[in-house]
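Some notes on the structure that comes next.
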Amino acid sequence: MKELHKWNLSPKEAIEEQKKLVELLERSSIKKVDLVAGVDLSFPKEDQGCAVIVVLNFPTLKIVDYVTEVSNISFPYIPGLLAFREGPVFLRAWEKLKIRPDVVMFDGQGIAHPRRIGIAAHMGLFINLPTIGVAKSHLYGTYKQPGKHKGEYEFIYDESEIIGAVIRTKNNCKPVFVSPGHKCDVQSAIELVLSCCVGYRLPEPTRIAHLISQKQRVKEKGFSS
DNA sequence: GCGACAG
DNA sequence: ATCTTGTCGC
C-alpha cells in the first residue's frame, strides 16, 4: 500500500488523493486490546520533523517500547492536509517498530474531517490497523460543549451523522476531539480514549509520545548531520 | 467577500 | 507546531 503511494503532490492533487482513499476506510468496533500505541511529532527545525511512536501495555499503560525517526519535511502545514506533511516521517518510524500494537492513536483527526479522512484515518489504511484520532482542537463538524466533568462528552456531527465526540478527559480542562480512523467506530474510540486517561488531559499514548518527541527535539537542535 | 482553519 | 515567564486554581 504505502509503496504505491505518492507523497510529492500539490495541495490540489492531495485532495484528490483523499477523495480516492476515503472509499477504502472500514468501520467496525475494536475487539481485544493488549497493546496501544501513540504517535506525535516535534519540529527541531522548521524543515525537520521528529516522529515518535510509543507502545503501551493495556490496560496497565506501562511503556513496552518506542521508536523515533528524524527527517526533512517538505509539505507545508495546511488545515485538512496534515497527513501529507506528517505521514511520511511517521511511516519511516513505523518501519522501525518491531512490535505490532492492536490500535494506534494519533495527534489529529480521524474521520472528523472535511473529506472524512484526517491523518488517523489516512495512516490507518497504510498500516492496516485500527486507528483513532485525538485532536486538541476542532477542525470539522458541529457539536455542543460537553459537561465540565471527566467522562462527559457530546457527539460531533456532520449534518445528521455522528462522526466523533468532544470528550472531557479531565475536570475543568479543555475537551479533546476524538474520532475513529480506520477499522474503528465512534463508540470504541470514546471508550478506549477514556480508559487511557489517567489524570492528564491527553490519553497516555499520545501524551507520552509528545513528551518523548519534545525531549528529542532539544537533542536534535545544534546537530548538523 | 468574510470567517474558520488538526499540527 | 514554535517562540517564552509568571501566575491562578484544583
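Atoms considered below: every heavy atom in the structure, side chains included; atoms not considered: hydrogens, waters and symmetry mates. Letters A, B, ... are given to chains in the order of the sequence lines, protein chains preceding strands, and every chain is numbered from 1.
- Separating the CZ atom of A:R207 from the C1' atom of B:dG7 is a distance of 19 Å, rounded to the nearest angstrom.
- Regarding A:D40, its CG atom lies at a distance of 13 Å from the C1' atom of C:dT2, rounded to whole Å.
- A cation-pi arrangement is present between A:R207 and A:Y200, with the terminal nitrogen or guanidinium carbon under 6.0 Å from the aromatic centre and inside a 45° cone about the axis.
- Here the P atom of nucleotide C:dT2 and the CG atom of A:D47 are 14 Å apart, to the nearest Å.
- In this structure, A:H210 does not reach the B:dG7 phosphate: none of its side-chain N or O atoms is under 4.0 Å from OP1 or OP2.
- Between A:F155 and A:Y153, the gap from one ring centroid to the other is short of 6.0 Å.
- OP1 or OP2 of C:dC3 lies within a sub-4.0 Å distance of a side-chain N or O belonging to A:R217.
- Judged by distance alone, the side chain of A:S195 and the main-chain N or O of A:E191 form a donor-acceptor pair under 3.5 Å.
- Aromatic ring centres of A:H138 and A:F177: separated by under 6.0 Å.
- At whole-Å resolution of the value, CZ in A:F43 and C1' in C:dC3 are 15 Å apart.
- The phosphate of B:dG7 (OP1 or OP2) has a side-chain N or O of A:K136 nearer than 4.0 angstrom.
- Distances shorter than 4.0 Å separate none of the side-chain N or O atoms of A:Q214 from OP1 or OP2 on C:dA1.
- Judged by distance alone, the side chain of A:H182 and the main-chain N or O of A:E26 form a donor-acceptor pair under 3.5 Å.
- Minimum atom distance to the side chain of A:H138 is reached by B:dC5, of the listed B:dG7, C:dA1, B:dC5.
- The distance from atom CZ of A:F106 to atom C1' of C:dA1 is 17 Å, rounded to the nearest whole Å.
- Using a 4.0 Å heavy-atom criterion, one finds that A:G80 contacts the bases of the nucleic acid, with or without backbone contacts as well.
- Near DNA chain C, meaning a heavy atom under 4.0 Å from it, residues 158-190 of chain A has no residue at all.
- The salt bridge (charged side-chain N to carboxylate O under 4.0 Å, His left out) contacts involving residues 159-184 of chain A comprise A:R116-A:E161, where partners must be two or more places apart or lie in separate chains.
- Computed from coordinates, the A:R115 CZ to B:dC5 C1' distance equals 12 Å when rounded to whole Å.
- Residue A:Y140 places none of its side-chain N or O atoms closer than 4.0 Å to OP1 or OP2 of B:dC5.
- Under 4.0 angstrom from either OP1 or OP2 of B:dC5 there lies no side-chain N or O belonging to A:S137.
- If you measure from atom CD of A:Q109 to atom P of C:dA1, you get 14 Å, rounded to the nearest angstrom.
- The residue A:H113 sits close to a base: some heavy atom pair falls under 4.0 Å.
- Stacking of the aromatic ring of A:Y77 onto the base of B:dG7 is found: the ring centres lie under 5.5 Å apart and the planes are inclined by under 30°.
- Proximity of the aromatic rings of A:W7 and A:F126 is defined here by a centroid distance below 6.0 angstrom, and this criterion is met.
- In this structure, CG of A:L139 is placed 6 Å from P of B:dA6, rounded to the nearest angstrom.
- Across all strands shown, A:I73 has no heavy atoms under 4.0 Å from either base or sugar-phosphate atoms.
- Ring-plane geometry between A:F84 and A:H122 is classed as perpendicular, the angle between the planes exceeding 60 degrees on a 0 to 90 degree scale with a lower cut at 30.
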